[in-house]
Amino acid sequence: MRFARLLLLPLIVIGMLSGCAVNMADIHGFNVISIEQEKELGNKFAVEIEKQYPVYNDAEAQKYIDRLGRRLLTGAREVSFDYVFKVVKDDSVNAFAIPGGRLYVHTGLLKAAQSETEVAAVMAHEISHAVARHGTRQMTQQYGYSMVLSLVLGQNSNVLTQLAGELFGKAGMMSYSREYENQADFLGVETMSKAGYNPQGMVSFFQKLDAMGKQDSGSLAKFFSSHPLTSERIQRVQAEIGKLPHRSYPLVDNTELQKIKARLK
């Protein structure tokens, strides 16, 4: 095992060096962590994260987010994990994905969104991080293969707890590279369109968040720290939408979302 890890070190260096050039359409970038290892890592992280983020005790909200997530997965390029979608109690406007296909939506996001399409926009972006396996790719680059593998094997429980807090918990959010954020936007636009959601909702919601952040950044601090919104980024999303084949999108019924928002108040 030790010899195998030594052999992998040069590959990790190559991966780190090549990380600055991401092919937007390539979801199979360099990753020394296997699908099964990532699933196991995600299960371990989930236990720690849900200690910090209480799952929102509302069956209808949980069913709603699960349905929305399942619909979006029909537009994803690849579904390698058994995806789990949960709503957690946190008033900040955010959502995040952890390795292995687990995605958490903050109650604050549901409060801020005016339509299902806006919720879908953020979720499509996070699903795209999971589809392209950005979490384990970036963790390996930051901490090395040996460290990540030891977490999978359960050899560093204290470190696992610490990293869960640093990367995904109350202590902070994983800040992806600009290239990974751009790819998640690119794939998110495509995912929304294929799933029948108008991807223009991603642009409009990003613009809304940008305006909200200028007025009161408190509730958006985590979103902006992990997903910095710039005019260039929003323009890039708009450009990607312009490349899609023209199609008409079905009207979205926002009744269920409005009922959930009413209960959240």
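- A pairwise comparison of heavy atoms in Gly188 and Ser128 identifies N-OG, 3.1 Å as the closest pair.
- With hydrogens and angles left out, the side-chain atoms of His125 and Glu181 include a donor and acceptor closer than 3.5 Å.
- Between the Arg77 side chain and the Ala25 main chain, a donor and an acceptor come within less than 3.5 Å of each other.
- Lys111 pairs by the salt bridge (charged side-chain N to carboxylate O under 4.0 Å, His left out) definition with Asp91, not counting sequence neighbours.
- Under the 4.5 Å side-chain heavy-atom criterion for ILVMFWY residues, no single connected hydrophobic cluster contains both Leu72 and Val84.
- Between Ala76 and Thr191, the shortest heavy-atom distance links the atoms CA-OG1, 3.9 Å.
- The two atoms that bring Gly108 and Val93 nearest to each other are O-CG2, 3.7 Å, heavy atoms only.
- The salt bridge (Lys or Arg N to Asp or Glu O under 4.0 Å) analysis of residues 129-143, with sequence neighbours excluded, yields the pairs Glu38-Arg133.
- Between Phe85 and Tyr83, the angle of the ring planes stays under 30°, which puts this pair in the parallel group of the 30/60° scheme.
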Between Asn43 and Arg102, does a side chain to side chain contact (heavy atoms under 4.5 Å, CB included) hold up when you go through it step by step? CA-CA 9 Å; Asn43 291 338; Arg102 291 176 176 271; 2.9 Å; yes
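- In terms of modelled atom types and a separation under 3.5 Å, the side chain of Glu126 and the main chain of Ala97 share a donor-acceptor contact.
- Grouping the Ile, Leu, Val, Met, Phe, Trp and Tyr side chains by contacts below 4.5 angstrom, directly or via other members, places Ile35 with Leu73.
- Residues Thr117 and Asn198 come closest through the heavy atom pair CG2-O, 3.4 Å.
- Here Asn31 contributes atom CG and Gln138 contributes atom CD; the two are 11.5 Å apart, rounded to the nearest 0.5 Å.
- Phe45 and Val47 sit in two unconnected hydrophobic clusters of ILVMFWY residues. Membership requires side-chain heavy atoms under 4.5 Å apart, directly or through other members.
- Looking only at side-chain heavy atoms (C-beta outward), Glu50 and Val88 stay at 4.5 Å or farther from each other.
- Note: Leu209 CG to Ser204 OG = 9.5 Å, rounded to the nearest 0.5 Å.
- Looking only at side-chain heavy atoms (C-beta outward), Pro199 and Leu244 come within less than 4.5 Å of each other.
- Between the Glu118 side chain and the Gln114 main chain, a donor and an acceptor come within less than 3.5 Å of each other.
- Put simply, the side chain of Glu240 does not reach to within 4.5 Å of the side chain of Val237, judged on heavy atoms.
- Taking all atoms of both residues into account, the shortest heavy-atom contact from Phe205 to Ala112 is CE1-O, 4.3 Å.
- Residues Ile127 and Tyr176 share a single hydrophobic cluster, defined by chaining ILVMFWY side chains whose heavy atoms lie under 4.5 Å apart.
- In the model, Ser34 has no side-chain atom that pairs as donor or acceptor with a side-chain atom of Glu36 under 3.5 Å.
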Mind running side chain to side chain contact (heavy atoms under 4.5 Å, CB included) on Leu41 and Ile33 for me, showing each step along the way? CA-CA 10 Å; Leu41 184 61; Ile33 302 298; 5.7 Å; no
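- Considering only heavy atoms from C-beta on, Arg71 comes within 4.5 Å of Tyr197 through its side chain.
- For the pair Glu190 (side chain) and Gly75 (backbone), a donor-acceptor distance under 3.5 Å is absent.
- Annotation: side chain of Tyr104 is in contact with side chain of Ile98 (closest heavy-atom distance under 4.5 Å).
- Side-chain contact between His106 and Phe96 is present, with at least one heavy-atom pair separated by less than 4.5 Å.
- Remark: Arg70 engages Asp66 in a salt bridge (charged side-chain N to carboxylate O under 4.0 Å, His left out) (not counting sequence neighbours).
- The structure places NZ of Lys39 at 7.5 Å from CZ of Phe81, a figure rounded to the nearest 0.5 Å.
- Taken to the nearest 0.5 Å, the NZ atom of Lys194 stands 14.5 Å off from the CE atom of Met192.
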Evaluate Val148 against Gln37 for side chain to side chain contact (heavy atoms under 4.5 Å, CB included), listing each step before the verdict. CA-CA 9 Å; Val148 178; Gln37 288 173 333; over 6 Å; no
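- Rounding to the nearest 0.5 Å gives a distance of 3.5 Å between OG1 of Thr161 and CD of Glu48.
- Ion pairing of Asp185 with Arg236 is absent here, as no side-chain N (NZ or NE/NH1/NH2) approaches a carboxylate O to less than 4.0 Å.
- For the 3.5 Å distance criterion, the side chains of Tyr249 and Ser193 qualify, holding a donor opposite an acceptor.
- Side-chain contact check for Tyr56 versus Val105: every heavy-atom pair is 4.5 Å or farther apart.
- With sequence neighbours excluded, the residues that form a side chain to side chain contact (heavy atoms under 4.5 Å, CB included) with Val159 are Met147, Leu151, Asn156, Leu163.
- In this structure, the side chain to side chain contact (heavy atoms under 4.5 Å, CB included) partners of Asp26, at least two apart in sequence or on a different chain, are Asn23, His28.
- Taking both residues in full, the closest heavy atoms of Ala95 and Leu109 are given as CB-CD2, 4.1 Å, listed atom of the first, atom of the second, then distance.
- Sorted by first and then second residue, the salt bridge (Lys or Arg N to Asp or Glu O under 4.0 Å) pairs with a member in residues 255-265 read Asp58-Arg263, Arg67-Glu256; sequence neighbours excluded.
- How far OG1 of Thr136 is from OH of Tyr145: 11.5 Å, rounded to the nearest 0.5 Å.
- Counting heavy atoms from C-beta on, the side chains of Ile65 and Val119 come closer than 4.5 Å.
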